[in-house]
Amino acid sequence: QVQPVESGGGLVQAGGSLRLSCAASRRTFSNYAMAWFRQAPGKEREFAAAITWNGGSTYYADSVKGRFTISRDNAKNTVYLQMNSLKPEDTAVYHCAVSRLTAPLQPTESNQYNYWGRGTQVTVSS
């Protein structure tokens with residue numbers, strides 16, 4: 001069983017930065033693709049970013065491209081989401097997701113991921 005745990009959320013002003021972390025409790029973490037999804041109040045969950053098992057490929061939603069960077073440190077069983085130039089519309093609960101696949105064919109789709117964290121709140125004030 002893999003249990004992702006997110007951290008690093010908080011309140012930040014527009015234009016600021018935050019770095020989210022997701023630690024997965026399994027030594028085979030390095031075999032799994034990872035992703036970040038987010039859900040704003042009253043909205044459906046949406047894809048933000050994904051990374052393959054070795055970090056060789058990354059994927060971003062158009063809304064975050066150029067501002068967010070996903071990375072991973074397999075030695076620490078941790079994936080990161082560096083968020084810069086934050087906007088009020090980035091306000092959401094950010095969830096970490098783990099796939100049993102090394103490189104999902106559809107990395108932006110939530111059904112490619114098997115384990116989910118409870119999320120961390122990110123609030124961007126204007």
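Predicted model, so just to flag it, every value in this text is computed and none were measured.
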Within the side chain of Y60, is there an N or O that forms a donor-acceptor pair under 3.5 Å with the backbone of I70?
-> yes

For the student: nearest non-hydrogen atoms of T78 and S21, plus distance = CG2-CB, 4.2 Å

Pairwise side-chain contact, V64 with R38, heavy-atom cut-off 4.5 Å (strictly under) = yes

Hydrophobic cluster mates of F37, side-chain heavy atoms under 4.5 angstrom, ILVMFWY only, any path?
-> F47, Y59, Y113, W116

For R72 and T52, which heavy atoms make the closest approach, and how far apart are they?
-> NH1-O, 2.9 Å

Identify whether the distance between the nearest side-chain nitrogen and carboxylate oxygen of D62 and K65 falls below 4.0 Å.
-> yes

The reported gap from OG in S126 to NZ in K87 (rounded to nearest 0.5 angstrom) is 14.0 Å

Can any side-chain N or O of S99 pair as donor or acceptor with the backbone N or O of Q112 at less than 3.5 Å?
-> yes

Student check: side-chain heavy atoms of T91 and Q121 closer than 4.5 Å | yes

Can you hop from L20 to Y115 via hydrophobic side chains spaced under 4.5 Å?
-> yes

Linking I/L/V/M/F/W/Y whenever their side-chain heavy atoms sit closer than 4.5 Å, directly or via other members, would L18 and Y80 fall into one cluster?
-> no

Could you tell me the separation between the OH atom of Y94 and the OG atom of S7, rounded to the nearest 0.5 Å?
-> 15.0 Å

Under the 3.5 angstrom rule, does the side chain of N54 hit a backbone N or O of T102 as a donor-acceptor pair?
-> no

Supply the atom-to-atom distance N77 CG to M34 CE, rounded to the nearest 0.5 angstrom.
-> 9.0 Å

Closest heavy-atom pair and its distance - A92, A40 | CB-N, 3.8 Å

pair V12-M83: side-chain heavy atoms closer than 4.5 Å = no

Close side-chain approach of W36 to V79, heavy-atom, < 4.5 Å | yes

May I ask you to say whether R118 pairs ionically with E6, meaning some side-chain N is under 4.0 Å from a carboxylate O?
-> no

Answer whether the closest heavy-atom distance between the side chains of F68 and L86 falls below 4.5 Å.
-> yes

Polar side-chain atom of S85 near backbone of R67 as donor-acceptor pair, under 3.5 Å | no

